[in-house]
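Just below is one structure, and these are the notes that go with it.
Everything numeric here is computed off the predicted structure, so don't read it as measured data. We're numbering straight along the sequence, starting at 1.
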Amino acid sequence: MDDDLRSRRGRLRGFSINRLIPNVLTLAALCSGLTAIRFALQGEMRLAVIAIIVAAIFDALDGRVARRLGVTSRFGAELDSLSDFLCFGVAPALVLYLASLREVGSLGWMVVLMFPICSALRLARFNTALVSDTPPPAWTGQFFTGVPAPAGALLALMPLMVSFEIEAAWPRHALVVGVVLVVVGGLMVSRLPTFSFKKGRVPRHLVLPALLGAALVMTVIASSPWIGLSLLGLGYMALIPFSWVAYRRQAQADRQSATAAGEIVPLRAVDPHD
């Protein structure tokens, strides 16, 4: 009887709710990405873009919640990678194809195929880095390798977002959309270091200006959301050269300190959780 009671308690214990919360958020992101495809098939492009933005919000939350609760797992990481591929690789490409690139037939489809392929290659590289035998220096956690998948999806959607706000045909022109897709896809698989704002720190004397800047950005987004999000994407692109310079400076300082200590330290930027 005691053994039966212990067995029941073991079955009832199971997984805590805290362990499930990050996976639920990842599934919510996955549902949002699938819903974006549904809206695009119905011609509701605004709702499709909103659904992808919602997926990006859930994606930003799941990893943070998992780390805060101390419930990170390999299963969660794999589920997140699959969700990222669909939400930020397949969904944006299909939305843009249905919005403008299908007008140019097979050529447009070739461009569309390139974007999710780049997303898959990026995620494969990230998963490979997770099991690397040589841990990178701690400071590389301040950088991504290439543009992360959620940011890449929103950058690729910028022409469509601009077309929602202005009465002009050029933002949805197949050439404009195709060039943006190719450039962003290349940035996603590139080795360019980009700032990771997850572990960045704001100096004390810059806290107030940073808050004022954030308030300005939110004001622009609230008054003109599509233009505000597009400007935010352009600002992110403008930061890439600065992130490259910062990475090179830190890498050089690390090499000098390693040389002084008679050690060789491998330097490579490894993504934290996308």
When rounded to the nearest 0.5 angstrom, what is the spacing between [atom1] in [X] and [atom2] in [Y]?
{"X": "Ile227", "Y": "Ile166", "atom1": "CD1", "atom2": "CD1", "answer": "6.0 Å"}
{"X": "Met161", "Y": "Leu232", "atom1": "CE", "atom2": "CG", "answer": "9.0 Å"}
{"X": "Met45", "Y": "Leu157", "atom1": "CE", "atom2": "CG", "answer": "11.0 Å"}
{"X": "Leu94", "Y": "Leu86", "atom1": "CG", "atom2": "CG", "answer": "8.5 Å"}
{"X": "Leu98", "Y": "Glu44", "atom1": "CG", "atom2": "CD", "answer": "13.0 Å"}
{"X": "Ile117", "Y": "Phe85", "atom1": "CD1", "atom2": "CZ", "answer": "8.5 Å"}

Side-chain contact, heavy-atom cut-off 4.5 Å: [X] with [Y]?
{"X": "Phe242", "Y": "Phe195", "value": "yes"}
{"X": "Tyr236", "Y": "Val147", "value": "yes"}
{"X": "Val112", "Y": "Arg102", "value": "no"}
{"X": "Glu165", "Y": "Ser224", "value": "yes"}
{"X": "Asn23", "Y": "Asp80", "value": "no"}
{"X": "Leu181", "Y": "Leu101", "value": "yes"}
{"X": "Ile240", "Y": "Trp244", "value": "no"}

Minimum-distance pair of heavy atoms, taken over all atoms of [X] and [Y]:
{"X": "Leu155", "Y": "Gly233", "value": "CD2-O, 3.4 Å"}
{"X": "Ser230", "Y": "Val162", "value": "OG-CG2, 3.4 Å"}
{"X": "Ser243", "Y": "Pro193", "value": "OG-O, 2.6 Å"}
{"X": "Trp226", "Y": "Ile53", "value": "CZ3-CD1, 4.3 Å"}
{"X": "Val177", "Y": "Pro159", "value": "CG2-CB, 4.2 Å"}
{"X": "Ile52", "Y": "Phe88", "value": "O-CE2, 4.0 Å"}

Starting from [Y], can I reach [X] by hopping between I/L/V/M/F/W/Y residues whose side chains sit under 4.5 Å apart?
{"X": "Val111", "Y": "Val189", "value": "no"}
{"X": "Leu107", "Y": "Val182", "value": "no"}
{"X": "Phe75", "Y": "Val24", "value": "no"}

Any donor-acceptor N/O pair, [X] side chain to [Y] backbone, under 3.5 Å:
{"X": "Ser81", "Y": "Ala77", "result": "yes"}
{"X": "Ser223", "Y": "Thr219", "result": "yes"}
{"X": "Arg191", "Y": "Thr145", "result": "no"}
{"X": "Arg64", "Y": "Ala60", "result": "yes"}
{"X": "Ser163", "Y": "Leu160", "result": "yes"}

Considering residues, nucleotides and ligands other than Arg46, do more than 12 of their heavy atoms fall under 6.0 Å from its CZ?
yes

Go through the steps to decide whether Arg172 and Phe164 satisfy the test side chain to side chain contact (heavy atoms under 4.5 Å, CB included), and finish with yes or no.
CA-CA 10 Å; Arg172 289 203 191 193; Phe164 297 153; 3.3 Å; yes

Given side chain to side chain contact (heavy atoms under 4.5 Å, CB included), test Leu187 with Leu192 step by step and report yes or no.
CA-CA 7 Å; Leu187 288 174; Leu192 281 174; 3.9 Å; yes

Given Thr26 and Asp59, is the side chain to side chain contact (heavy atoms under 4.5 Å, CB included) satisfied, shown in steps?
CA-CA 6 Å; Thr26 303; Asp59 181 73; over 6 Å; no

Run the side chain to side chain contact (heavy atoms under 4.5 Å, CB included) check on Leu229 and Leu154 step by step: do they pass?
CA-CA 8 Å; Leu229 289 171; Leu154 296 180; over 6 Å; no

